[in-house]
Amino acid sequence: MDNITLARLLDETAALLEIDAADPFRIRSYRRAAETVEQQTTPLETLIGPDGDVKQLLAIPGIGKGMAANIRDLAATGTMPLREELLTKYRASMLELLRLPGMGPKTVALLYSALQIENIDQLEEAAKRGDLLPLPRMGQKFTDKLLKGIEDYRRNASRFRIDDARQHAERVSELIRQFPGIETITPAGSLRRGKESVGDLDLLVTGPACEPDVVAAAVEHVATLPLIDKLLARGQNKVSFNLRNGLQVDVRLLPRASYGAALQYFTGSKHHNVTLRQRAIKRGYTLSEYALMRLEDNKIIAAASEEEIYNALELDYIAPELRENCGEIEAAARHELPKLITRSDIRGDLHMHTTESDGSNSIREMAEAAIERGLEYIAITDHSKLLTMTGGMDDKRAIAHAARIRAESNRLAEEFAAKRGPQWARYERRLKAGEPNTHEPTVPFRILAGCECDILLDGAMDLENDTLAQLDVIVASVHSGFNQTPEEVTERVLRACENPFVQILGHPTGRKVLKREPYKVDVPKMLAAAAKYGIAVEHNSNPARSDLSDLQLRQAKELGCKIIVNTDAHAIEELDQIDNGIVQLRRAWLSAADLINTQPIDAFLAALRPRP
DNA sequence: GCCGTTTTCGGCCCGACTGTTTTCAGTCG
């Protein structure tokens, strides 16, 4: 049983305990265990087998003797005594009821005991008949809201991709900012933490118009924004609404003095905050969205900035991407947080397309755009012939294209030597603008001649080895079209790793972030093979295509993989998507040293798998 | 059920909003 399934069963048990009105702290321990189990990079079932190391299991925070026994039972039998016991009292289908808005464990339990409601269909019927009305706190308004919630749930239990959510956040922010006296609008929540999908949008707004005595007017402005589809709630300083696409937006208007506390609070994650507040209490403080206060006299210790709050709790500042209660608080206390990777650490992008296949720009345009963004080298990797719909190259074209790429690279080198061309132009522009950290360029920009080759059924590439030998860098990718099962795709990639020309494994997961059922290729197996053969693994920054999750990135690092972050850009502006990729790398606690395209080109080329 | 440089027992996070209420329980983030 894999960790994800283990975590799901523990979490379900927690939900059943909630419906059963069990000890809330016992429930919390099941929830906590579920979360930590999900975050583990090694399969826990290997720790409990005959030659497993139970000590390692008990070393995981939140897992004690009882939980270890539960995990052992789950792995061995697929269930555990407590879960079975609860399932004789309640139905598994009731867990789905908890996902409806406004439905919590108490309500689910009440509906079951009063009306024997076990699932969403029965709930809908009962609500339509008006059976809910006699129950406490369930009037017409509650019933209407519930029916709407059921409808929404059936339509799409929707989450939004981070790049889409960011765009919506900007649109809404622009309109809010039109109100005079609003200075700062920051997206908080999972968007700020960089999760690859977000359920709703949290916008924190501050400025003179948000001070308590005048905030009502600004709230009115927000509550009447033209893009609101449905107003959900409206409080003294909070407005919630839906956009037409179903995305829920929560806007909070906050006084400047407590903005840091609010930002900290609403960025979450929930579990990070819980642990942080426990730490506050141990030190005689209490932490809320308004301030860190001393308990004995309510004196405000810190409130205006997040840094103050973390420092007052004797912690280094914790980047939002790390705030998942996965050991970051302990690491911050020991001053052992990693120096996370930033965009300026990236020196090369080894996966992009031009008009030669399905890209929109020329070799020169891609190179100039990369130079503009501070890169030192790129690889042009157009598609090979298997992907006919992209205009993929056959052997002859691939070789001719490589010659053009090298010619362009040489031209840039000549321009560089003559102190003209895009590298010097950028330098002079930055110098003139007084940009900090502006240095004279020292090495000519390099364009490597590459190809994004397809892996055939037998693991060979769809171009001849003679052709591959004439290119600088080979990205090997699996594209669909063979109608294979995930297991077969995994096998195909493993065979491809044995091909000595393969240097970079392109978008290895085939995963689409919002697909409900993840594509079940065996990623750890692929990563292990890549590590064994010295093949670099690409983290693809384009969230619309596929990439490695933060958990898989941690696995890649632990397995000793060479990791590369690429954009897979099909147009110059897509080079900026590197930011999406970097956020996931940061969430995986990776530093510049964990990647190879953070190195200067010579070191990078030396780190690639040697050519036969 | 977990956890411990104050503890192996007694703790375990905070506040706002909603609906149906005359003081609050439940849900949510």
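Lettering follows sequence order; numbering is per chain, from 1.
- Within 4.0 Å of A:Arg32, counting heavy atoms only, lies no atom of the nucleic acid at all.
- To the nearest angstrom, C1' of B:dC2 lies 14 Å from CG of A:Leu10.
- Taking 4.0 Å as the cut-off between side-chain N and carboxylate O, A:Arg234 and A:Glu220 count as a salt-bridged pair.
- Relative ring orientation between A:Tyr310 and A:His272 is described as tilted, the plane-to-plane angle lying within the 30° to 60° band.
- The P atoms of B:dT21 and B:dA25 are separated by 14 Å, rounded to the nearest whole Å.
- Within the 4.0 angstrom heavy-atom criterion, no nucleotide atom of any strand lies near A:Leu276.
- Side-chain N/O atoms of A:Glu35 and A:His271 include a donor and acceptor closer than 3.5 Å.
- Between A:Ile281 and A:Arg234, the residue whose closest nucleotide on DNA chain B is further toward the 5' end is A:Ile281.
- Comparing B:dT8 with B:dC2, their C1' atoms sit 12 Å apart, to the nearest whole Å.
- Residue A:Asn273 is classed as having no contact, given no heavy-atom separation below 4.0 Å to the nucleic acid.
- A salt bridge links A:Arg587 to A:Glu324: one of the charged nitrogens lies within less than 4.0 Å of a carboxylate oxygen.
- Look at CE on A:Met293: it is 10 Å from P on B:dC14, rounded to the nearest Å.
- Counting any heavy atom pair closer than 4.0 Å across all strands shown, A:Thr275 reaches no nucleic acid atom.
- For B:dC14 and B:dC9, the C1' atoms lie 26 Å apart once the distance is rounded to whole Å.
- Annotation: side chain to side chain donor-acceptor pair (under 3.5 Å) contacts of A:Tyr290 (sequence neighbours excluded): none.
- Here B:dG1 sits opposite B:dC12 as a Watson-Crick or G-U wobble pair (both hydrogen-bonding atom distances under 3.5 Å).
- Listed pair A:Tyr290 / B:dA16 meets the phosphate criterion, a side-chain N or O lying under 4.0 Å from OP1 or OP2.
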Pick out the pairs of N or O atoms, protein on one side and nucleotides 27-29 of chain B on the other, that lie under 3.5 Å.
unit_1	atom_1	unit_2	atom_2	d
B:dT27	OP1	A:Gly104	N	2.7
B:dT27	OP1	A:Gly104	O	3.0
B:dT27	OP1	A:Thr107	N	3.0
B:dT27	OP1	A:Thr107	OG1	2.4
B:dT27	OP2	A:Lys106	N	3.4
B:dC28	OP1	A:Gly102	N	2.6
B:dG29	N2	A:Tyr265	OH	2.0

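- With P as the reference atom, B:dT20 and B:dG15 are 27 Å apart, rounded to whole Å.
- Side-chain proximity of A:Arg28 to the nucleotides B:dC17, B:dC12, B:dC14 is greatest for B:dC12.
- Taking atom CG of A:Leu110 as the reference point, atom C1' of B:dA25 lies 12 Å away to the nearest angstrom.
- When rounded to the nearest whole Å, the span between CG of A:Leu146 and C1' of B:dG19 equals 13 Å.
- Residue A:Arg26 contributes atom CZ, which lies 16 Å from atom P of B:dC3 at whole-angstrom precision.
- Between the CD atom of A:Gln278 and the C1' atom of B:dC2 there is a distance of 11 Å, given to the nearest Å.
- A:Ile63 comes within contact range of the sugar-phosphate backbone alone, with a heavy-atom separation under 4.0 Å but no base atom that close.
- Comment: A:Asp121 engages A:Arg154 in a salt bridge, judged by a side-chain N to carboxylate O separation of less than 4.0 angstrom.
- Using a 4.0 Å cut-off between charged side-chain N and carboxylate O, A:Glu289 and A:Lys238 make no salt bridge.
- Across the C1' atoms, B:dA16 and B:dC12 are found 23 Å apart, a figure rounded to whole Å.
- Mapping A:Gly235 and A:Lys282 onto DNA chain B by nearest heavy atom places A:Lys282 at the nucleotide closer to the 5' end.
- Taking the P atoms as reference points, B:dT5 lies 23 Å from B:dG1, given to the whole Å.
- Residues from residues 131-142 of chain A with heavy atoms under 4.0 angstrom of DNA chain B, sorted by number: A:Arg137, A:Met138, A:Gly139, A:Gln140, A:Lys141, A:Phe142.
- For the pair A:Glu124 and A:Lys128, the salt-bridge criterion is met [side-chain N within less than 4.0 Å of a carboxylate O].
- If you measure from atom CD of A:Glu314 to atom P of B:dT5, you get 14 Å, rounded to the nearest angstrom.
- Counting heavy-atom neighbours within 6.0 Å of A:Lys148 NZ, excluding the residue itself, gives a total above 12.
- An OP1 or OP2 oxygen of B:dG19 is reached within less than 4.0 angstrom by a side-chain nitrogen or oxygen of A:Lys145.
- Between A:Thr286 and B:dC14 there is a side-chain polar atom (N or O) within less than 4.0 angstrom of OP1 or OP2.
- Using a 4.0 Å cut-off between a side-chain N of Lys or Arg and a carboxylate O of Asp or Glu, A:Lys299 and A:Asp297 do not qualify as a salt bridge.
- Following rounding to the nearest Å, A:Lys148 (NZ) and B:dG19 (P) show an atom-to-atom distance of 14 Å.
- Between the side chain of A:Ser240 and the backbone N or O of A:Ala233 there is no donor-acceptor pair closer than 3.5 Å.
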